[in-house]
2 protein chains.
Amino acid sequence: MKEIEQRLNENGVRPTAMRILIYKYLAEKEVAISLTDIETAFSNADRTTLFRTLKTFEKKGVVHQIDDGTGVQKYALCEPGCNCELEQDLHLHFHCNNCDETVCLTEHKIPHINLPEGFVAEDANLVLKGICDKCSGQ
Amino acid sequence: MKEIEQRLNENGVRPTAMRILIYKYLAEKEVAISLTDIETAFSNADRTTLFRTLKTFEKKGVVHQIDDGTGVQKYALCEPGCNCELEQDLHLHFHCNNCDETVCLTEHKIPHINLPEGFVAEDANLVLKGICDKCSGQ
DNA sequence: CTACCCGTGCAACGGAAGTGCATTTATTGT
DNA sequence: ACAATAAATGCACTTCCGTTGCACGGGTAG
C-alpha cells in the first residue's frame, strides 16, 4: 500500500485514493488492461476519471500503452526503473487469439532493424498473435 | 486496366467498375490507405460500398490490413504472389510521425522470435515509428 | 424470360476516445 | 485556522470510425 504511494510520488503523480486503487488493480492483473476493463471493475467511479487517470499514468511513465491490434487501447504497468521511451526498453507483446488477453513479454526486447536510407526510427511496436501458455496447455 | 481485372479474377473477386477503380487507386498510392482516404477520393460512392470492397479485398488476399497504431485501419495491396498469412511473408511497416503516412517495407521481414514455453505464434505485427525518407530529407 | 445472387446505396447503431465545464477535494501561503 | 489557489473528480456531450440491416437494381445462370 505504502509502496504504491511512494511509487506514484516518485513519478510525480499525486497518490489519491482512486489512483492507488487503479494502480493496485493493474498490479494484480498480469495482463494488459483496457479502459473498459477498469470501467467494469470500478463501476462506481466515472469513466472520465478512469480515462484521465490512465492518461496521467501514461504521461508520467507509470504505465505504457499497448496497441495489440484489437483496436482497443490497453495499458500495463511499467517495470520499475524502465524507461519506455528508450529503444532498448521496448519489449514485445503477445496477444492470445483464444482468451483474447494481451501480456507483456518484458524479457523479449524488440530486435534492432536496419532501415533503408532516410528512415529514422524513434519508436517500435511488435505484437505477436497466437495461443498463449495458459490456453495451449489445455 | 486489363491486368487489374485479371488480378481480381485470379483472387476470386468479381471485377466491377467500382472495384477496379479502388484497386487502381490503391496501386497508384505507395502508402497505406484508410477507409476515410478512399471515402474522400470517391466522394460520389457510398461509404458502405467502399468499406465492403476493402473487406472483400482483404478476405480474398488482394490487400492486407495494417494497424499502424494510429487507431485507424489502413490497407495496402499485397505483392503479387504473396501469402500474407504465412509467417515468412510478414513484412514490417513504417509510420512517419511527421507526415503521418504509413508505408510497407516489404523487403524487411519480421525476424523470428523465440517465445517462452507454451506460447505459439501464428501472426505478427511490427510497426516502426519515426521520420520517413521524404521527411528526413527536408 | 424468369429467378436468383451479388453488388450497391441509404440509414442507423454502437463502441471507444476525447473535450468543456461545473463541482468537490486537496495544498499552499499568510 | 482561513482564505486563495491548484488539482482531481464527475456529468454531459461530441466525434470518429467500424459495422450491420434492409431495400433496390443490374447482371448471370438456368
Side-chain angles (χ1 to χ4, degrees), chain A residues 4-25 32-60 62-76 95 100-102 125, chain B residues 4-5 7-9 11-26 32-60 62-76 95 100 102 125:
Chain A
I4 296 180
E5 272 190 53
Q6 193 187 332
R7 178 75 204 278
L8 292 181
N9 273 321
E10 282 169 10
N11 286 275
V13 177
R14 274 159 61 173
T16 67
M18 197 70 246
R19 286 171 175 179
I20 293 174
L21 282 176
I22 295 177
Y23 188 101
K24 212 170 145 195
Y25 178 79
I33 301 295
S34 72
L35 176 58
T36 314
D37 292 335
I38 298 193
E39 216 178 318
T40 39
F42 298 90
S43 47
N44 48 325
D46 187 74
R47 228 172 50 86
T48 315
T49 305
L50 305 172
F51 170 74
R52 285 202 250 248
T53 300
L54 285 175
K55 285 298 170 194
T56 306
F57 279 7
E58 188 189 358
K59 201 194 309 177
K60 300 294 188 173
V62 178
V63 302
H64 58 278
Q65 210 230 58
I66 302 166
D67 178 12
D68 62 4
T70 58
V72 182
Q73 295 179 200
K74 304 210 173 136
Y75 301 87
H95 177 77
D100 226 59
E101 287 186 338
T102 302
N125 182 34
Chain B
I4 296 180
E5 270 190 57
R7 178 75 203 280
L8 292 181
N9 274 321
N11 285 275
V13 178
R14 277 171 43 186
T16 67
M18 197 72 245
R19 287 171 174 176
I20 292 174
L21 282 175
I22 294 176
Y23 188 102
K24 212 168 146 196
Y25 179 79
L26 289 168
I33 300 295
S34 72
L35 176 59
T36 314
D37 291 335
I38 298 194
E39 218 177 317
T40 39
F42 297 89
S43 47
N44 47 323
D46 187 74
R47 233 166 55 86
T48 315
T49 304
L50 304 172
F51 169 75
R52 284 201 250 249
T53 301
L54 285 175
K55 285 300 172 193
T56 305
F57 279 7
E58 187 189 1
K59 200 193 310 177
K60 300 294 188 173
V62 178
V63 302
H64 59 278
Q65 210 229 56
I66 301 166
D67 179 12
D68 61 4
T70 57
V72 182
Q73 296 179 198
K74 305 214 172 131
Y75 302 87
H95 176 77
D100 226 60
T102 301
N125 182 32

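Each chain gets a letter, A, B and so on, in the order the sequences are listed, and its residues count up from 1.
As rounded to whole Å, 15 Å separates atom C1' of C:dT25 from atom CD1 of A:Ile20. Nucleotide C:dA16 holds its P atom 12 Å from the CG atom of A:Asp68, rounded to whole Å. One atom, CZ of A:Phe57, and another, P of D:dA7, lie 17 Å apart when rounded to the nearest Å. Per the geometry, CG belonging to A:Asp67 stands 14 Å off P belonging to C:dA16, to the nearest Å. Atom CG in B:Asn9 sits about 12 Å away from atom P in D:dT28, given to the nearest Å. Rounded to whole angstrom, the span from the NZ atom of A:Lys60 across to the P atom of D:dA7 amounts to 10 Å. Atom CG in B:Leu21 sits roughly 14 Å away from atom C1' in C:dG7 (whole-Å rounding). Atom NZ in A:Lys59 sits roughly 12 Å away from atom P in C:dG18 (whole-Å rounding).
For the atom pair CG (A:Asp37) and CD (A:Glu101), the distance works out to 8.5 Å, reported to the nearest 0.5 Å. Expressed to the nearest 0.5 Å, how far CZ of A:Phe42 lies from CG of A:Leu50 amounts to 7.5 Å.
For the pair B:Glu5 and B:Ile20, the minimum side-chain heavy-atom distance is below 4.5 Å. Put simply, the side chain of B:Leu54 does not reach to within 4.5 Å of the side chain of B:Gln73, judged on heavy atoms.
Dense packing is recorded around NZ of B:Lys55, with more than 12 heavy atoms of other residues, nucleotides or ligands lying under 6.0 Å away.
Note on A:Thr36: a side-chain N or O is less than 4.0 Å away from OP1 or OP2 of C:dA16.
Heavy-atom minimum distance, A:Gly12 versus A:Lys60: O-CE, 3.6 Å.
Taking for each of B:Lys74 and A:Arg14 the nucleotide of DNA chain D with the nearest heavy atom, the 5'-most of the two is the partner of A:Arg14.
Using a 4.0 Å cutoff on non-hydrogen atoms, the parts of residues 37-56 of chain B near DNA chain D are B:Arg47, B:Thr48, B:Phe51, B:Arg52, B:Lys55, ordered by number.
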